[in-house]
Amino acid sequence: IIENFDNIYLIVDHIRSFPIFYCLTEDGIIISDDINYIKEQLDDLKYNKYNVMELLMTGFTTDTRTIYGSIYQLNAGECLVYNKKLKKIVSKETYCLSTELEVIDDKEQILEKMDIFLKQVFLDFINSVDGQTIVVPLSGGYDSRLILFYLKKLKYKKVICYTYGHKNQVDVKLAKELANYLGYKWIFIPYKRGYLYNLFQSEDGHKYREYASNGNAIPHLQDWSAVYYLNENALIPTDAIFVPGHTAFLSFQNYSDDTENKNESLIREIIKKHYFLWPFEKNTLEVQQYYESNIQAIVQRESSDIFKNTYNKMFFWEWRERHAKFICNSVRAYEFFDYQWRLPLWDNRLINLWASIDIKYKKNKQIFKQYMKLRFPNELTDPNPKRTLKL
């Protein structure tokens, strides 16, 4: 937030790392990174029923909307200029991918570029943490696995991994083996019904939900419970930096193979994948058309040539909406306890790379999985206690 004599500039980065909310009033503008602060300044604040319904259907509110009718948020990568004399917004611009991107259709070239950019990203990331302990939520999946492989490859030693859930889950066993395989400390956090229930009903649980939801997303309770356990039992240093495997390498999973290059097909696919917490058809025709119109406005906003392809429009929507506002909002669980965090796999260089790769390599992240298999021997797709380290 930057203010000079004439204007106030509101800016958020490409993944909305720290959200900004605002409300226009007769006296000017109210701005905060905490929607609750703005609520306290308003006398007659009302919910917007469509936005509340959208959050309950998807887990987040889209575009600049929040669950309140008069409070708005900045989209990922957005810059808003408010003129103090005119008392109105005079400019709004959105960060775009590079307009010079060309589609890469050669597998070897893709793998080579992944090598180059990932090494650069992780070198910059390691420099940014300045020797502090890195804490990795480890699911056993490809994304958190890539983070650990690169930390090991670049000889970073101060790493702690943790996994939560039930001890007999395959992912838990695989995560334990992966951490042991790489020589990193691993902590298991058992989730039991009574413990979770009491935690959710606690005063801290209520404070976290209010802090993390911010009027535009469902808070990530399962992540917060694990961090609460680590913090309460002093299992990690106070200056630890959390590094989850949130990634720009989106898979296009659950989108139909026969999606046509038409906005109607695109809107239908987005609704099918994201507006699913109750049957979309149960809404009235008026409500259905309202959401369809909103989605169309979002996907048509980006004019870059790279988004003329239907799948890249899906990528744009997933990035700006679901991931920026819901998935990556899970970092609020770390902030609640005053921990830092990093999202190296959402680096600008990786966004641009993924957007430029031909769709046939991106579906189900197949090129990413090939990369892991080719670059890191014994990539751990199945548990194998006899495996030996070959990095």
Side-chain angles (χ1 to χ4, degrees), residues 11-20 33 59-60 62 73-79 94-98 101 110 113-129 134-139 141-151 154 156 212 214 216-217 220 223 241-253 274 298 302 304 306-307 311-335 339-357 362 365 367-369 371-372:
I11 309 166
V12 295
D13 71 355
H14 64 282
I15 199 62
R16 191 179 168 273
S17 297
F18 302 98
I20 295 179
D33 61 347
F60 53 94
T62 59
Q73 61 180 321
L74 264 68
N75 279 310
E78 195 165 68
C79 173
T94 303
Y95 162 87
C96 174
L97 292 173
S98 170
L101 290 177
I110 294 170
K113 284 183 175 291
M114 290 182 77
D115 265 336
I116 293 169
F117 289 132
L118 282 167
K119 185 175 181 180
Q120 291 174 350
V121 165
F122 275 93
L123 283 172
D124 291 344
F125 157 59
I126 286 175
N127 287 334
S128 82
V129 301
I134 294 172
V135 179
V136 179
L138 183 55
S139 65
Y142 280 95
D143 304 313
S144 56
R145 193 183 310 171
L146 176 65
I147 291 171
L148 287 181
F149 276 147
Y150 259 97
L151 290 174
L154 298 174
Y156 201 87
N214 245 338
N216 79 292
H220 289 249
D223 298 311
I241 299 176
F242 282 77
V243 186
H246 305 326
T247 179
F249 297 152
L250 306 185
S251 68
F252 299 97
Q253 189 175 3
H274 299 283
I298 292 169
E302 184 52 72
S304 172
I306 198 71
F307 288 111
Y311 283 105
N312 276 344
K313 286 185 178 180
M314 291 177 180
F315 175 68
F316 173 76
W317 199 93
E318 289 250 6
W319 157 25
R320 290 282 184 80
E321 300 301 330
R322 181 171 182 263
H323 282 263
K325 293 167 183 169
F326 177 64
I327 300 296
C328 294
N329 194 55
S330 66
V331 299
R332 310 284 91 89
Y334 317 134
E335 293 174 2
Y339 292 115
Q340 293 186 48
W341 52 266
R342 302 284 191 280
L343 299 179
L345 297 184
W346 268 109
D347 187 281
N348 280 339
R349 288 162 287 191
L350 302 183
I351 297 176
N352 283 306
L353 173 62
W354 197 248
S356 66
I357 295 173
K362 288 191 288 193
K365 297 172 74 164
I367 192 68
F368 179 54
K369 293 174 182 177
Y371 176 83
M372 294 289 287

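- With a 4.5 Å cut-off on side-chain heavy atoms, Phe368 and Lys362 do not count as touching.
- The OG1 atom of Thr94 sits 9.0 Å away from atom CG of Leu74, with the distance rounded to the nearest 0.5 Å.
- Looking at residues two or more places apart in sequence or on another chain, you find no side chain to side chain donor-acceptor pair (under 3.5 Å) involving Thr247.
- For Phe249 and Trp354, the gap between ring centers is short of 6.0 Å.
- Considering only residues two or more places apart in sequence or on other chains, Asp143 meets the side chain to side chain donor-acceptor pair (under 3.5 Å) condition with Lys365.
- The closest side-chain heavy-atom distance from Val331 to Phe242 is not below 4.5 Å.
- Side chains of Tyr339 and Ile241 form no contact here, defined as non-hydrogen atoms less than 4.5 Å apart.
- Within the 4.5 Å cutoff, no side-chain heavy atoms of Asp223 are placed close to those of Pro137.
- Using a 4.5 Å heavy-atom threshold, the side chains of Asp13 and Phe18 count as separate.
- Using modelled atom types, one side-chain atom of Asn329 and one backbone atom of Ala212 make a donor-acceptor pair closer than 3.5 Å.
- Contact record, Pro244 with Ile147: O-CD1, 3.5 Å, taken as the closest heavy-atom pair.
- No close placement of the Trp319 and His14 rings is indicated, their centers lying 6.0 Å or farther apart.
- In this structure, Glu318 CD and Ser251 OG are separated by 7.5 Å, a value rounded to the nearest 0.5 Å.
- Between His246 and Trp346, the closest side-chain pair of non-hydrogen atoms falls below 4.5 Å.
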Side-chain donor/acceptor pairs under 3.5 Å, residues 119-126, sequence neighbours excluded:
| unit_1 | atom_1 | unit_2 | atom_2 | d |
| --- | --- | --- | --- | --- |
| Asp124 | OD2 | Arg349 | NH1 | 3.1 |
| Asp124 | OD2 | Arg349 | NH2 | 2.9 |

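- Looking at Lys113, its side chain never comes within 3.5 Å of a backbone N or O of Leu353 through a donor-acceptor pair.
- In this view, Arg16 satisfies the salt bridge (Lys or Arg N to Asp or Glu O under 4.0 Å) rule with no residue, not counting sequence neighbours.
- Contact check for Leu138 versus Leu148: side-chain heavy atoms found under the 4.5 Å cut-off.
- Judged as a side chain to side chain donor-acceptor pair (under 3.5 Å), and not counting sequence neighbours, the contacts of Glu321 are Lys325.
- The CD1 atom of Ile298 sits 13.0 Å away from atom NZ of Lys313, with the distance rounded to the nearest 0.5 Å.
- Ala76 approaches Ala324 most closely through the heavy-atom pair CB-CB, 3.8 Å.
- The minimum heavy-atom distance between Ala248 and Phe315, with the atom names listed, is O-CE1, 3.4 Å.
- Residues Met372 and Leu146 are in side-chain contact: their nearest non-hydrogen atoms beyond the backbone lie under 4.5 Å apart.
- Minimum heavy-atom separation, Pro19 to Arg332: CD-NH1, 3.7 Å.
- In plain terms, the two heavy atoms of Gly245 and Leu345 that are nearest each other are O-CD1, 4.2 Å.
- Judged by a 6.0 Å distance limit and a 45° cone about the ring axis, Arg322 is not positioned over the six-membered ring of Phe326.
- By the salt bridge (Lys or Arg N to Asp or Glu O under 4.0 Å) test, Asp115 pairs with Arg375, sequence neighbours left out.
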